[in-house]
Every structure is written in structure tokens, then in C-alpha cells.
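Structure first, then comments.
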Protein chains: 2
Amino acid sequence: MANGFDPNGMADLDPAARDMIQRRQKLLGPAYRLMYADPVEIVRGQGTRLWGRNGEEYLDAYNNVASVGHCHPDVVAAVHAQMQTLCTHTRYLQDEILDFAGQILPSFGAPIEHIMFTCTGSEANDLALRIAMHHTGHRGVIVTSEAYTGNSFLTASLSPSLGRNAPAGDYVCRIAAPDSYRLDPATLGRVLARQVAQEIEQLEQRGEGIAAFIADSLFSSDGIYAHPTDILQPIAEVVHAAGGVVIADEVQAGFGRSGDKLWGYQRHGQIPDIVTMGKPMGNGFPVAAVAVSRKVVERFGNEMRYFNTFGGNTVAIAAARAVFEVLHRERLQMNAARIGAMIRQELQRFAARDERIGDVRGAGLYIGVEFVKDRDSKAPDPETALAVVGGLRRRRVLISATGHHANILKIRPPLVFSDADADRLLTEIGNVLAAI
Amino acid sequence: MANGFDPNGMADLDPAARDMIQRRQKLLGPAYRLMYADPVEIVRGQGTRLWGRNGEEYLDAYNNVASVGHCHPDVVAAVHAQMQTLCTHTRYLQDEILDFAGQILPSFGAPIEHIMFTCTGSEANDLALRIAMHHTGHRGVIVTSEAYTGNSFLTASLSPSLGRNAPAGDYVCRIAAPDSYRLDPATLGRVLARQVAQEIEQLEQRGEGIAAFIADSLFSSDGIYAHPTDILQPIAEVVHAAGGVVIADEVQAGFGRSGDKLWGYQRHGQIPDIVTMGKPMGNGFPVAAVAVSRKVVERFGNEMRYFNTFGGNTVAIAAARAVFEVLHRERLQMNAARIGAMIRQELQRFAARDERIGDVRGAGLYIGVEFVKDRDSKAPDPETALAVVGGLRRRRVLISATGHHANILKIRPPLVFSDADADRLLTEIGNVLAAI
């Protein structure tokens, strides 16, 4: 992410963009970041396309929020109908929230029995961790080394990917990222489970215990590690044996993104106690949720209460329900599986003739392409990744980069990505790779 | 708030309501609460009215979120237009967020220069506190004894009104609620400022310093203390002298609710470093914000970044902008002042002939009516308050109760409350008081 204000780079920008960047800096302040040093202005969206002010069309291969496609008419219509009728909170009785809960709950599998609504994935993870701490009476939380858990005080402290200035806490424990490109995939699950056991031991030696292990099953901000899929189960066993709670963070991996399963943890055969979800849930309407087992939420529910003014309000539920129905009706999980596999296969072909590509990986429509300085040392090559992202932006294809060194292309389009979209993406990646 | 599941009370309910309560308990779990032991099902809203399934009409004298009126057509239209056009995040350039920031920022006064968007008031308070901690390098936070700051881990720990099971933290310090009914209003500001100074001294003795003082200027969950209005300035002086940050929590008091001023802190002549806002900001669309001085956010912005996937997205901004424009165009702050004063005046007349009413207070359309066992002891009388709330519910007028003992009626209608609405509310309060 480029900083919104780069005095050195500003001279190259067109005057309208420069003016907007300066207004942005003045009005929104220094904590906001833009994508690209040469930022994109977007005024309209439809399906997998975004448009700039002068009608320039972009292919969106990055936005996982608009998962059923930008401005999907069914979601727009559902939100509009409900906005005209009633927009209010969950302290009155309403059928709609119960109907939707009844629709989505069976998808999680045992032992998940209840669903609670928040507005954002950060709120969902924050609440999940509060519930885990309340249930266990402990505070220790284990995350992977480049995890992103959220933007609240608690979840930011559990987000090493935010860097060393994120809030700290003596309850935060880290294990390695499941770097299947550098570590042996055959033993990765065992190695990480052993690290988890060691962290728990250290917590207990400090008189603290484990509240939770929380992970995104696609390890999105660690660098997109969709395989092997036998990592999370051995970890869950260690966590459960120590009395801790297993939280599956499905904010990025959920709602069919992986192609294989509706929920990413299902690819790992993991049995979580809590599942959190967000981003694509309302196709941009702020809605997120925590699904939880009766056993784990019981004490929290009896001793506390949870009220979120907008969380699960009538309109949020209408949006979530429309998205969930479109996802199934348009078979978007299947589309993610098919198009994603095809894109990865083509990228493997690029890799066969291009030494800079160290690894192509992912699941469904979440794809990582790792650039390295050479294949022996596997030294990260963020410059090439940045050049590809920037080159694609100039060719009006939007993607980004991820991982500790930002050397991994992050390809994460709306799930309605078509064959033609995939062709365009691959053609432009080929063009950019040939040019740099 | 009644618990959603009360086996003893269930027998009196009609079968449809009983069925919905049981489904709710089963699907949403034990942490959800309903208003009323005999809960209301709501299916439609317009202006100050809500309707149940069988067409029964309720007067809404409680919902401060639907501040410009339930389903205001301008807000519905603005959200619909933007939903059809583009719903995306703040990492692209967009004019609308800058235009709205430019519209709202001048209302805060110096030294507030920037605005950052979140989805909920809890997120806004959480972010404000993170910024204050980052700026000061300290963690100590001072709140009033019955404050509600939010539902995240950090803000719940700063919400004594959630009870003793809320998350704890050694950085949480409390001062008394500004109980103008029991304490001497003439010295209240000085007394509380002295308590703040003592808390800061204790923090410093523990090797900790003060990060922030945060308060809602109407002290909504403390018991609604709109007067005296000279409390916050002396506190702010003490906090600033110790290097701390002053946060004005305008989630409840803001957007004209007090009638006197757009922002509650302005009634106190307070100069905050950070202003947080939420609830009525999008009339139910999830949008909230943190407005902050350059000085206080500078280090946070340089060393951290803040990104909230849905916060300030294009549709959230459309909603907030429509609400802000309706608020001004329909002169709702003036309406709140006029109708609120009239309601308080009438309630004072009730008090003159009804010993159970110990105090009538508030500002604009945020009104508290405190019930006491007798006026000499001022012993709280929650039973009468509960009976009035329940009696009004049966007469289809919705209000609630607040304060540590829940003995204070909380009257907090949409700001479009009319003379006729006020008449109906007062008539029904009179009827209920006569009947119990």
C-alpha cells in the first residue's frame, strides 16, 4: 500500500489526482493509505468491472468484498426494499434474522449452534476472542507470524502483519507462518502443532493459560498458503487438550472463496468452536458474524450481554440473505473452483519459462504468485512483485501483493470472475512479465 | 432489558411471540437480550411510528438511531442510488468521502482537523482510544462510574455499566457520575476535576500515565445529566495538564440531539482532541467516525495505518451525507430544542403533583425522569420506572429506563418528533402514572 502522500512521486501525477490526494491528506489525515503510488479513482462498478471518472474500465481481480459482483441487482433490490420498510435493531422480535440464522447455521456443522451479528470482521474477531477469554478464564492467544486479525485494540495486537507499532500485549503468542514453499509440507502440521504446544507451555509457566488459537485457513496475510490442508487439525487437538478454544477466521476464506468448500476450515477437517465471518457477507453492506458452539458461549451469554446497535439490523440481514442466496443460486463456489484452477494452471505455465516465479499456489479464487531473486536461495523479490502490480494497474487490471516481504501477488477477484476475465488477467500478466 | 428467555413469564405470551422467543434463543444464543418481558415484534417503520405484524401502531419515543425518522425517503434514495452505482472501500480515490469530510469537519471547531470513518460507535471509541494511547505512550483511561463506551474488548473494559463481568484492565479508572440530583451542581465540576487529578496521580504512582478521559456529554448511561454544563471544561484542563487526550464521545449526544448545539461538548465549552460519533450518523446504515486534531493523530498516522473495509465506503458516505443534509434542511436540532423543552415542562407539571417523580432533566430530545421512593431519601424506585415503561408499552408507546438502578425513564425519540407525538407521549405517561 502506498502512502497517500508521497511528495516525490506527486509530480508525475495528473493534476486532478494530485488535487484529490492533497484534499484526502488534509481531510482524512495521515493514517489513510491508498492503493498504488499512482492511485486509481473509481466512480462506478458492475460485476467484475470498475470504472474511473473518464470512463476508463478496470478489471477487478482484487476485491473479495464484492464477492457476488459489484452492484449485484438482487443485493441492491433486497437492501432497497428493506431500507424502505424498516431499518432497526435486534432488541425487537423479527422473523428475518431468525430465518437467515436458520439458513446459514447448518452450513457450519457440529458443534456450532448459534450465530451473533456484528458489523465488521474486526468486530467479529474481537467478540470471538472476548467469548473465548470469558469461557476459558485465560487470555493467551496464538496467531501465525504474519496474521491479520483486525483493527480494534485487541485484534490489532493480534495482527503482527501491522508491524512493530501495533498495540502489544503479553497475551500474544506467535507461531511460524505455514510457508509450504520453504518448509516441508509433509511435516508442517506436526511442526506447527509442536510450536503451539510450546507457546501454551510458556503461557502456563507465566501463570497464564490459553484462551484461543485463531487462524485464517488460507493464511491470506501470511502469504496465501492453501496447502497442505492437514495443518489445522493437529493444532486444534493440542489447543483443545489444553482447554483452549479454536477460532476459524473465515473473514477472507469463507463464503466459497476456496472453491473446495463453503468454509475454509472444512478443507482442513478442522472442528472449530467459533467461526468468524465478514468481508463478502453483505457484498459491501457492513455485516459480519460470529458463529459459536453452545458450550463456549454459555458462560458469556449468562454473565454478559452483547448488543451491537447496527449488527444484524433488518437491512444488514436483508443484504446477507441476498448474498447467501445468490452465492448458491449462481453456483459461485463451483465457479471459483473451476476458474481458479484454470488460472493457477496457466500461471504454472508462466513459471515453467520464467525463473522469477518461485511458486504458484492458492485455492479457488485466492491465488498467490511468489517472486524470488533465484530459485535456489528463494530470496524474496518484492521489486518484481511491485512492478507487476504497477504494470497491471497501468493496463487496468487491479491486483495487489502480500506476505512479509510483499513479494507475493495476491489475486482475489469477485467470485463471478468469468473465463473471459481470466483470459484478460492472464494475457496482461504475460504482457507485464515480458515487459519488465 | 429483559432476558430473551424467561420460562416463568413465557406462559402469559401469545403463542406466536413465544415461538419467536424460543427460535431466537435457539438460533442467536444466550447473549442476546430483548426489550420488554412481553417483547414487541416490529415489521415496519416510518417517521416516529413503528408497526407490528397485525398492523398495531407504536409511537417510537426511544430510537435515537433513526434520528431523522424511520425510513426517511432522502436517506433511502441516497443509499439506493449509491448501491446501484458503486459500493467500495477507501483505498481508491473518491470525491464523495472528501466532499462529506469537508462538509462535516468545520462543525467541530478547532483543533479538530481530520475525520476517519468506522462502522460503529464502538469501533470509533476503540480507535480514538488507540490513537490516544499511541500519542501519549500511556494506557490509563478515565471514565464515569456508569459509562458505556462500547462492545469491543477495549471499550467494554471501559464500560462499567456492563457490570462486573465486563473485561477488566488495570488501566481503567473511574470517577463519580455527575449526579446533579444528589450532588451540589454548583461544585460538581470542581469535585469531578479533583477526582480526575487523583486518578491521574495514582496512575503515575503505578508508573503508568494518562492516555485519555472519555465522556458522553449527556452522561446517557450514567442517568442522563445534561446539566450543569460547566463540568467538562475543568476536567479537560486537568487532563491536558497531565499530557492526556480528551475524547468527546458524541455517539449519543451528537448530531443535534441536545437541541442546544450540534455537538454535546459544545454545551460545555469543552475543547476535545478527539470527537467520536455513531448511532444517528447514517439513520441505521452502519457508519461512524473519529474526528481528531492533527497533533494527536500524527504519530499514529505515521507509525501505523488504519483501514476499515466497510468504514466510510461509498454507500456509508452517501447515507451519512443524506442524514447530515436532512438534519440541517429540516432544522431538526431546533425541533429537538423546542419539543424537548415542551415535554420537560409538562413532565415538571406531573412532578409537581406526583411525589414519585424526584427529578426531570435532560436537553433537547434526551430526557430523563427519575423515580424515587421518597423525595427526602431520594432512594431509587426502579419498580415504578419499570411499571411505567411496561404500561407505556401496552399503550403502544416505546421508551426505556437507564441509570445504575434503572429507575430513570429514558425518553429519546427520533428528532422528527412532532407536537402531536409529544401530546400522545405525555397523555399516555399521565394515564400510566394514574393507573399504577
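Just so it is clear: chains get the letters A, B, ... in the order the sequence lines come, proteins before strands, and each one is counted from 1.
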In terms of heavy-atom proximity below 4.5 Å to chain B, should [X] be classed as side chain, backbone, both, or neither?
{"X": "A:L398", "value": "side chain"}
{"X": "A:Q46", "value": "side chain"}
{"X": "A:E298", "value": "backbone"}
{"X": "A:V287", "value": "backbone"}
{"X": "A:Q94", "value": "both"}
{"X": "A:R164", "value": "neither"}
{"X": "A:N313", "value": "side chain"}
{"X": "A:A291", "value": "neither"}
{"X": "A:F100", "value": "neither"}
{"X": "A:N165", "value": "both"}
{"X": "A:V79", "value": "side chain"}
{"X": "A:L105", "value": "side chain"}
{"X": "A:V76", "value": "both"}
{"X": "A:S122", "value": "side chain"}

Look only at the side chain of [X] and the backbone of [Y], and say whether a donor-acceptor pair between them is shorter than 3.5 Å.
{"X": "B:D60", "Y": "B:Y62", "result": "yes"}
{"X": "A:R44", "Y": "A:R49", "result": "no"}
{"X": "B:N283", "Y": "B:S67", "result": "yes"}
{"X": "B:T314", "Y": "B:L86", "result": "yes"}
{"X": "A:S159", "Y": "A:L162", "result": "no"}
{"X": "A:S157", "Y": "A:G169", "result": "no"}
{"X": "A:R299", "Y": "A:H134", "result": "yes"}
{"X": "B:R393", "Y": "B:D38", "result": "yes"}
{"X": "A:N125", "Y": "A:G150", "result": "no"}

Select, from [options], the one with the greatest count of heavy-atom pairs under 4.5 Å involving chain B.
{"options": "A:Q84, A:H70, A:E123", "answer": "A:E123"}
{"options": "A:P167, A:A77, A:G312", "answer": "A:P167"}
{"options": "A:N308, A:T90, A:V315, A:L127", "answer": "A:T90"}
{"options": "A:T88, A:T118, A:D99", "answer": "A:D99"}

Which region of [X], side chain (C-beta onward) or backbone (N, CA, C, O), has a non-hydrogen atom less than 4.5 Å from a non-hydrogen atom of chain A, or is it both or neither?
{"X": "B:D95", "value": "both"}
{"X": "B:L50", "value": "side chain"}
{"X": "B:Y58", "value": "neither"}
{"X": "B:N151", "value": "both"}
{"X": "B:R130", "value": "side chain"}
{"X": "B:V297", "value": "both"}
{"X": "B:A156", "value": "side chain"}
{"X": "B:E303", "value": "both"}
{"X": "B:H89", "value": "side chain"}

Cation-pi check for A:F307 against A:R91: NZ or CZ below 6.0 Å from the six-membered ring centre and within 45 degrees of the axis, yes or no?
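Satisfied, under 6.0 Å and within 45°.
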Would the B:F310 and A:F285 ring centres measure less than 6.0 Å apart?
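Not close enough - the centres of the two rings lie 6.0 Å or further apart.
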Quick check: do A:E56 and A:E41 have side-chain heavy atoms less than 4.5 Å from each other?
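With C-beta onward as the side chain, the pair stays apart.
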